[in-house]
Amino acid sequence: MVAKYNPGEMEKKWQQKWAEDRLYEVNEADLRPKWYALTMFPYTSGDLHIGHWYAMAPADVHARFKRLQGYNVLHPMGFDTFGLPAENAAISRGIHPFTWTMQNVDNMRRQLKSMGAIYDWSREVITCLPEYYKWTQWFFLKLYENGLAYRGKAPVNWCPLCQTVLANEQVVDGFCERCGAPVTRRDLEQWFLRITKYADELMQHNGIDWPERIKTMQRNWVGKSLGTEISFALDRPGVDEREIRVFTTRPDTTFGVTFMVLAPEHSLVAKLTSPDMKAEVGEYVARSQRLTEVERLSTEREKDGVFTGAYVINRLNGESVPIWIADYVLLSYGTGAVMAVPAHDERDFAFAKKYNLPIRVVIAPPGWQGEELEAAYTEPGTMVNSGQFNGLPSEEGINAITGFLEERGWGRRTTIYRLRDWLISRQRYWGAPIPMIYCPNCGVVPVLEEDLPVLLPEDAEFRPTGESPLKYHQGFVNTTCPRCSGPAERETDTMDTFMCSSWYFLRYVSPNCNTAPFDADQVEYWLPVDLYTGGAEHAVMHLLYARFFIKALRDMGLVDFDEPFTRLFNQGVIIAQKQKMSKSRGNVITPDEYVSELGADAVRAYLMFVAPWEHGGEWDDSGISGVSRWLNRVWNLVLGGYSCSGEVSPAVQQKVERELSRIRHQSIRKVTDDLERLRFNTMIAALMEFTNHLDKVKQAGAVDYLHWTENVDTLLLLLTPTAPHMAEELWQRTGHSYSIHNQGWPQWDEEMAKDEEITLVVQVNGKLRDRIMVPTSISEAQARQLALESQRVKAHLEGKEIINTIYVPGRLVNLVVR
RNA sequence: GCCGGGGUGGCGGAAUUGGCAGACGCAGCGGACUUAAAAUCCGCCGGAGUAAUCCUUGUGGGUUCGAGUCCCACCCUCGGCACCA
């Protein structure tokens, strides 16, 4: 009787053994080629759920596969720990964020270990520990030194619930990405990182293998647009400014400008507004500031605005044009001022209709007879009412007008971006303090490198007040100026968590380095990351920030590569009860009970089998039982003993052995190929088919013992990345020496994998009429002959004339008849 | 509205990139073992039809000897972006 498959005990046993033997610890002295396999580290929100496993288990399978293939594989794991969720959770539970976070780290590490991954735990990184955030602060100082970090006053996104400012990337449709509260705007002094310096480079994804989807999202996010900046002359008593500049992508419509619109926050508004319009304008400005981002950005809202009483001159035709303000114009985009061409822009058209402003056609639609337009005409056309440019196709007009303006110094070609600088100040406790000091004498002074880290005081009151909790911690705030040694105050804001995750992948290579954020030699050896896997939700946040960081570090001479992640792959989402898993929905599935009942190997395999990795899928208990059954069958197949039947004729035995060998080689090829392409679902299917075939062979007892063990060994090796515990146990029980994880990946022979016989499909007029087993070596003439001889085919040729025959070698004969 | 992914059995999904549609698995049905059940094993399993055969990859058209795969139009769905001048 075969011992029962008991994954619980067995898995624990091997995990302990591997840890004791430091089987998965790696170092750069290894002579094998390196492979850096990285999975996005989890945020320490509490329990690990099956969604985390979905991200991590297949990634581990691939990393194990590379390891068996002979690579020196670094596959590290760590924890992203700073940030609002931890702080909010700690507040609601009345415990310190550090305590809460580290409890979660312990729990999640335990759960992760039960997965049986090859994580090198000696390299674990935890972002909220001073040993780590010291270097996050160090990077901030470097960015500051290089002019990439600056302090500025700006209208910022403010979440009234989280009581902090948010980066643009954290505002989703006008709502806070974290808590869902509507975001309002505030003017605050904040720290920014100059990511816009790299706007152009961030749009390029040269030499990296990333999903098209993510690249498109990043390009859209950066939002490059080529256009013209045009100066309109301003002549206003008491106003120093002599012009207002606008940005447009349609300079060809400049003769059609009938008004100008400024953003309500535009710095000229107060100066320009005529006395009689002051009250109305003031009220409008105040109102638009009160509006939440959602309300303001709603496209359904009717556009409104107020006349300022002032005018600018359109230099092209000398016309005086009224200046309005309206909140559909955004201060943050372009120059915060727009030339309005109602005839050729939908927004301007609606605005002009509402306020009875003139609509002048300057681009004639095809067949236009001078009649009034029903709607804005935004397509190309012929220029009219445009002075010397009349008759020109509008596409040419873009260049012609821009050139004309440039010659006179009235305008210039320019490129603008939607991307804004990255706002990293957070008025919250649970983050890395920004290492800056404000001195009454010396101004803004960076903390000295040797004084890092600026420690986050444990005893600060961390309840949100709208200002940084650190502000009220005297021991923290009061310090001395590094320059003049006089009394000074610390910056009390902390950094956006995305700062921490922008460089963690560099820390893994030398986690204990205490003289620098990383050991340069190690980085040179391991980086860039060969395969980075994680969710697509990070497309315009983490993934963009990390790229920015690397480019900035490269320009500082700290690293010598351009892109951090050579290949990126986004797995899908695992849902439960047709919905995304979340605590609030109460449908979170924890791996623990499945692991103890069916084994980690079964959970790993099931997650890969449900669907293609990039799709994600529905967690289904009856689905996992199928995979579990299969693993049990493998167990029994391998341990159940094998005996030759003795009744099989040598000829039959030889045939069966040849077939088995062919299937073995085909299985190796299929599994290898699927793993390489991260097609885990079909890889498992191939393993199942191989198992099924071995089952049949075993029942017949038709091959000799040597053939049998050879094939069983291959099955175990192919199974190793997927079911590392079971493979190890069966490897040992079949008399091999420890460890299967140090074996080489099986190779296939293309000759051996070749089919000897194929099913020749015979079609008549493209319809399947017969299938004939033929040797692979069959000639075209023979194939045609067999097709014509087929009884089934003959019935369809009755009384018809064959006018054409298509022959596809190894596949089919198609007889075309009339 | 714009950009991208996707629509295949009762279900999850396969299909060597234009060549046997439905691999593998779940569920279901029938059988073996069992006093019985579970587990396990064997068989069947897109639809219609006694059968020959016909129909079938969201819908409609097209290209082709041949279309799930390519082209055109439309419908549905999931992501992303959305007053960006």
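Each chain gets a letter, A, B and so on, in the order the sequences are listed, and its residues count up from 1. Values in this document were obtained by computation on a predicted structure and should not be read as measured data.
- How far CG of A:Leu719 is from CD1 of A:Ile684: 8.0 Å, rounded to the nearest 0.5 Å.
- Taking side-chain N and O atoms only, A:Arg629 has a distance below 4.0 Å to OP1 or OP2 of B:rC26.
- Between A:Tyr5 atom OH and B:rU40 atom C1' the separation is 17 Å, expressed in whole Å.
- The side chain of A:Val808 lies closest to B:rG19 when the candidates are B:rC20, B:rC55, B:rG19.
- Put simply, A:Arg769 has no side-chain N or O that comes within less than 4.0 Å of OP1 or OP2 on B:rC20.
- Judged by atom type and distance alone, A:Asn814 reaches the base of B:rC65 through a side-chain donor-acceptor pair under 3.5 Å.
- Side-chain atoms of A:Ala611 lie closest to B:rG12 of the nucleotides B:rG80, B:rA15, B:rG12.
- Checked against B:rG13, B:rG25, B:rC20, the side chain of A:Arg633 finds its nearest nucleotide in B:rG25.
- Between A:His205 and A:Trp210, the angle of the ring planes lies from 30° to 60°, which puts this pair in the tilted group.
- Side-chain polar atoms of A:Ser790 and A:Asp770 form a donor-acceptor pair below 3.5 angstrom.
- The two residues A:Gly623 and A:Tyr606 have their closest heavy-atom pair at C-CE1, 3.4 Å.
- In this structure, A:Val338 reaches the bases: a heavy-atom distance under 4.0 Å links it to at least one base atom across the strands shown.
- Remark: A:Arg347 is in phosphate contact with B:rC84, judged by side-chain N or O atoms under 4.0 Å from OP1 or OP2.
- Donor-acceptor pairing under 3.5 Å, judged by distance alone, is present between the side chain of A:Arg811 and the base of B:rU16.
- If you check B:rC26, B:rC84, B:rG13 against the side chain of A:Tyr333, the one that comes closest is B:rC84.
- Between the P atom of B:rG5 and the NZ atom of A:Lys215 lies a distance of 13 Å, rounded to the nearest Å.
- Separating the CD1 atom of A:Ile575 from the P atom of B:rC11 is a distance of 15 Å, rounded to the nearest angstrom.
- Listed nucleotides B:rG19, B:rA85, B:rA14 differ in distance to A:Pro612; the shortest reach to its side chain belongs to B:rA14.
- Along RNA chain B, the nucleotide closest to A:Arg771 and the one closest to A:Asn804 are compared, and the more 5′ of them pairs with A:Arg771.
- Ring planes of A:His538 and A:His542: perpendicular class, angle over 60° (limits at 30 and 60°).
- The base of B:rG19 is paired with the side chain of A:Gln763 by a donor and an acceptor separated by under 3.5 Å.
- In this model, the phosphate group of B:rA15 is approached by a side-chain N or O of A:Arg679 to a distance below 4.0 Å at OP1 or OP2.
- Look at A:Ser225 and you'll find a side-chain N or O under 4.0 angstrom from OP1 or OP2 of B:rA85.
- In this structure, CZ of A:Arg418 is placed 11 Å from P of B:rA85, rounded to the nearest angstrom.
- The separation of B:rC54 from B:rA67, taken at their P atoms, amounts to 15 Å, rounded to a whole angstrom.
- Taking only side-chain atoms of A:Phe609, from C-beta outward, the nucleotide of B:rG12, B:rG19, B:rG13 with the closest atom is B:rG12.
- Under the 90° criterion around 0 for the glycosidic angle, B:rU63 counts as anti.
- Here B:rC26 presents its C1' atom at 10 Å from CE of A:Met688, a figure rounded to the nearest Å.
- B:rC81 is paired with B:rG1 under the Watson-Crick or G-U wobble criterion, all donor-acceptor distances under 3.5 Å.
- Pairing for B:rU16 is absent, with no Watson-Crick or G-U wobble pair whose two atom distances lie under 3.5 Å.
- Residue-level contact check: A:Gln699 touches the backbone only, with heavy atoms under 4.0 Å from sugar-phosphate atoms and none from bases.
- Note on ring orientation: taking the six-membered ring where Trp is involved, the planes of A:Phe569 and A:Trp613 are parallel (angle under 30°, cut-offs 30° and 60°).
- Of the listed nucleotides (B:rA85, B:rC24, B:rG19), B:rC24 has the atom at the smallest distance from the side chain of A:Asn692.
- Partner assigned to B:rA27 is none, using Watson-Crick or G-U wobble distances below 3.5 angstrom.
- Straight-line distance between the P atoms of B:rU57 and B:rA51: roughly 23 Å, to the nearest whole Å.
- Atom P of B:rC65 sits at a distance of 34 Å from the matching atom of B:rG10, rounded to the whole Å.
- For the residue pair A:Asn692 / A:Arg633, a side-chain donor-acceptor distance below 3.5 Å is found, with atom types taken as modelled.
- Atom CD of A:Glu537 is separated from atom P of B:rG4 by 22 Å (rounded to the nearest Å).
- For A:Leu768, the side-chain atoms get nearest to B:rC20 when compared with the rest of B:rC20, B:rG25, B:rA14.
- Nucleotides B:rG43 and B:rC33 are separated by 15 Å at their C1' atoms, to the nearest Å.
- B:rA15 and B:rC29 have their C1' atoms separated by 27 Å, with the value rounded to a whole Å.
- For A:Lys698, no side-chain nitrogen or oxygen approaches OP1 or OP2 of B:rC41 to under 4.0 Å.
- Across B:rU34 and B:rG22, the matching P atoms stand 38 Å from one another, rounded to whole Å.
- Listed nucleotides B:rC83, B:rA82, B:rC24 differ in distance to A:Ala685; the shortest reach to its side chain belongs to B:rC24.
- To the nearest angstrom, C1' of B:rG22 lies 13 Å from CD of A:Glu689.
- Taking 90° from 0 as the syn/anti boundary, the base of B:rG25 is oriented anti.
- Look at CD1 on A:Ile244: it is 15 Å from C1' on B:rA85, rounded to the nearest Å.
- Of all nucleotides present, none satisfies the Watson-Crick or G-U wobble test against B:rG22 with each distance under 3.5 Å.
- Comparing the C1' positions of B:rG1 and B:rA82 gives an interatomic distance of 8 Å, to the nearest angstrom.
- Distance check on atom C1': B:rG58 versus B:rU77 gives 10 Å, rounded to whole Å.
- Between B:rC84 and A:Arg250, no contact under 4.0 Å exists linking OP1 or OP2 to a side-chain N or O.
- When distances are taken from the side chain of A:Asn681 to each of B:rG13, B:rA27, B:rG79, the shortest belongs to B:rG13.
- Ring-centre distance between A:Tyr328 and A:Phe351: below the 6.0 Å cut-off.
- Aromatic rings of A:Trp619 and A:Tyr594 (six-membered ring for Trp) have centroids within the 6.0 Å cut-off, being under it.
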